[in-house]
S.K.: 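Structure incoming, see below.
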Amino acid sequence: LVTGLPLIARASMGMRRPKQLLAGVDLAGVVQAVGSGVTQFQLGDEVFGGGMGAFADYARAKEGELAPKPHSLSFEEAAAVPLAAITALQALRDHGRLQAGQAVLINGASGGVGLFAVQIAKHLGAEVTGVCSAGNVELVRSMGADHFVDYAAQDFTCAGRRYDLILDNAGNHPLKALRRAITRRGTLISNSGSGEGRWLGPLGRIAKVKAAAPFVSQRLVFFMARVNRADLGQLGEMADAGALKVAIERTYPVEETAAALRHLGEGHVRGKLVVTIADR
């Protein structure tokens with residue numbers, strides 16, 4: 001979306017330029033004003049979550065999409081958590097129904113969602129395999145992964161091992177190949193469709209997952225994560241307990257937001273990028 005792809009998305013987001021000119025969703029900061037119906041927060045509270053126009057001095061957010069900022073995290077770290085960590089949490093806990101002792105593979109383990117998914121899967125008691133480049137193995141290991149696959153050296157879909165759950169953040173394998181690496185009653189959660197082309201993007205993968213799901217014994221899932229206070233609170237508790245760490249590749253001053261988005265659009269960020277609005 002940052003790069004204007006897939007092209008079909010422009011029908012709703014703007015054909016030649018974005019309809020929503022002020023970008024940014026994830027945020028962390030200090031409450032400066034509240035609406036008349038707000039009961040959970042007051043001026044001066046330190047919060048994190050999702051809002052509108054986060055790449056600016058001030059952003060608006062719904063009360064139900066914010067939570068108190070974890071004490072153990074800086075503002076920069078807290079701003080890197082919301083959507084990526086909630087996507088990982090809801091994928092594994094809710095849609096994957098991950099249980100202790102199960103084997104889970106995280107494809108794209110060194111990205112924003114992937115690093116949180118490794119930690120959350122370990123927190124839930126799973127045996128975790130991370131797929132990443134050789135240069136990112138130590139980073140993924142530091143987040144708790146038990147095993148590793150260097151995607152440049154080995155195709156995990158052809159290795160013969162089957163997993164109870166695969167969280168696919170990369171979208172770089174055909175659906176048929178991914179199903180080959182899942183147990184007969186296992187679950188595939190598709191969180192990307194980057195390999196489906198410029199026109200349809202993830203919509204092509206979504207359509208394939210939806211079409212195949214009723215006819216196979218495996219669970220094939222695609223979902224849209226929803227930021228909410230309860231899940232933010234759980235992630236905050238994990239962070240304060242030392243069970244959730246935040247990997248930030250680089251921070252940018254707000255004046256360099258365009259450079260941050262260009263780097264993001266290249267698709268090789270380790271962990272998260274953060275835009276800093278002001279010193280706290």
S.K.: Any idea which heavy atoms bring A28 and A79 closest together, and the distance?
M.R.: CB-N, 3.6 Å
S.K.: Using modelled atom types and a 3.5 Å cut-off, is there a donor and acceptor pairing between side-chain atoms of E256 and backbone atoms of P253?
M.R.: no
S.K.: Using modelled atom types only, decide if a donor and an acceptor are shared between the side chain of T87 and the backbone of V113 within a distance under 3.5 Å.
M.R.: no
S.K.: Residues two or more places apart in sequence or in another chain: which of them pass side-chain hydrogen bond (donor to acceptor under 3.5 Å, both in side chains) with D240?
M.R.: S72
S.K.: Got a sec, which pairs hit salt bridge (Lys or Arg N to Asp or Glu O under 4.0 Å) with one end in residues 120-147, sequence neighbours left out?
M.R.: K122-D146, E127-R161, E138-R141
S.K.: Do the side chains of L66 and L27 get nearer than 4.5 Å, heavy atoms only?
M.R.: yes
S.K.: For residues 95-115, which residue pairs pass the salt bridge (Lys or Arg N to Asp or Glu O under 4.0 Å) check, not counting sequence neighbours?
M.R.: none
S.K.: Do I277 and F75 come close enough that some side-chain heavy atom pair is under 4.5 Å?
M.R.: no
S.K.: What are the two closest non-hydrogen atoms of A59 and G53, and how far apart are they?
M.R.: CB-O, 3.5 Å
S.K.: Scan for ring-ring contact (aromatic ring centres under 6.0 Å, His included) pairs involving residues 44-67, sequence neighbours excluded, and state none if there are none.
M.R.: none
S.K.: So, for V254 and V275, which heavy atoms are closest and what is the spacing to 0.1 Å?
M.R.: CA-CG1, 3.6 Å
S.K.: Do R17 and R10 have side chains that approach each other closer than 4.5 Å (heavy atoms only, starting at C-beta)?
M.R.: no
S.K.: To the nearest 0.5 Å, how far apart are CD in Q32 and CG in D45?
M.R.: 11.0 Å
S.K.: With rounding to the nearest 0.5 angstrom, report the CD1 to CG distance, I248 to L115.
M.R.: 11.5 Å
S.K.: Quick check for you: to the nearest 0.5 Å, what is the distance between L92 atom CG and Q102 atom CD?
M.R.: 10.5 Å
S.K.: For D26, which residues count as a side-chain hydrogen bond (donor to acceptor under 3.5 Å, both in side chains) partner, sequence neighbours excluded?
M.R.: none
S.K.: Who are the side-chain hydrogen bond (donor to acceptor under 3.5 Å, both in side chains) partners of T251, not counting sequence neighbours?
M.R.: none
S.K.: Do the side chains of T129 and I106 get nearer than 4.5 Å, heavy atoms only?
M.R.: no
S.K.: When you compare the side chain of V104 with that of L124, does any pair of heavy atoms fall below 4.5 Å?
M.R.: no
S.K.: Examine I189 and I166 and state if one hydrophobic cluster contains both, with Ile, Leu, Val, Met, Phe, Trp and Tyr joined whenever side-chain heavy atoms are less than 4.5 Å apart.
M.R.: no
S.K.: Drop me the distance from K69's NZ to L232's CG, to the nearest 0.5 angstrom.
M.R.: 13.5 Å
S.K.: I'd like to know if L167 and V209 are part of one continuous hydrophobic network [Ile/Leu/Val/Met/Phe/Trp/Tyr, side-chain heavy atoms within less than 4.5 Å].
M.R.: no
S.K.: Can you name the side-chain hydrogen bond (donor to acceptor under 3.5 Å, both in side chains) partners of E249, sequence neighbours left out?
M.R.: H263
S.K.: Do any N or O atoms from the side chain of D168 and from the backbone of G171 form a donor-acceptor pair under 3.5 angstrom?
M.R.: yes
S.K.: Just so I know, are the side chains of L105 and L165 near enough to count as touching, which here means a heavy-atom distance under 4.5 Å?
M.R.: no
S.K.: Got M143 and V118 here, is their nearest side-chain heavy-atom distance under 4.5 Å?
M.R.: yes
S.K.: Any side-chain heavy atom of I182 within less than 4.5 Å of one from T187?
M.R.: no
S.K.: Give the minimum heavy-atom separation between A212 and L220, together with the two atoms involved.
M.R.: CB-CD1, 3.8 Å
S.K.: Going by salt bridge (Lys or Arg N to Asp or Glu O under 4.0 Å), name the residues that satisfy it together with R219, two or more places apart in sequence or in a different chain.
M.R.: none
S.K.: Which pairs count as salt bridge (Lys or Arg N to Asp or Glu O under 4.0 Å) when at least one residue sits in residues 77-90, sequence neighbours excluded?
M.R.: none
S.K.: Per the ring-ring contact (aromatic ring centres under 6.0 Å, His included) rule, what does the pair list look like for residues 103-124, sequence neighbours excluded?
M.R.: none
S.K.: Going by the salt bridge (Lys or Arg N to Asp or Glu O under 4.0 Å) test, which pairs reach into residues 107-116, not counting sequence neighbours?
M.R.: none
S.K.: Without placing hydrogens or testing angles, list every side-chain donor-acceptor pair under 3.5 Å for residues 221-229, not counting sequence neighbours.
M.R.:
| unit_1 | atom_1 | unit_2 | atom_2 | d |
| --- | --- | --- | --- | --- |
| N228 | OD1 | A230 | N | 3.2 |
| N228 | OD1 | D231 | N | 2.8 |
| N228 | ND2 | R226 | O | 3.1 |
| N228 | ND2 | D231 | OD2 | 3.1 |
| R229 | NH1 | E63 | O | 3.0 |

S.K.: Is it true that Y163 and Y151 fall in one hydrophobic cluster, defined by side-chain heavy atoms closer than 4.5 Å?
M.R.: yes
S.K.: Please report the closest heavy-atom contact between G50 and A61, naming both atoms and the distance.
M.R.: O-CB, 3.3 Å
S.K.: Counting heavy atoms not belonging to H268, are there more than 12 under 6.0 Å from its NE2?
M.R.: no
S.K.: Are N191 and N107 close enough that a side-chain donor and a side-chain acceptor fall under 3.5 Å?
M.R.: no
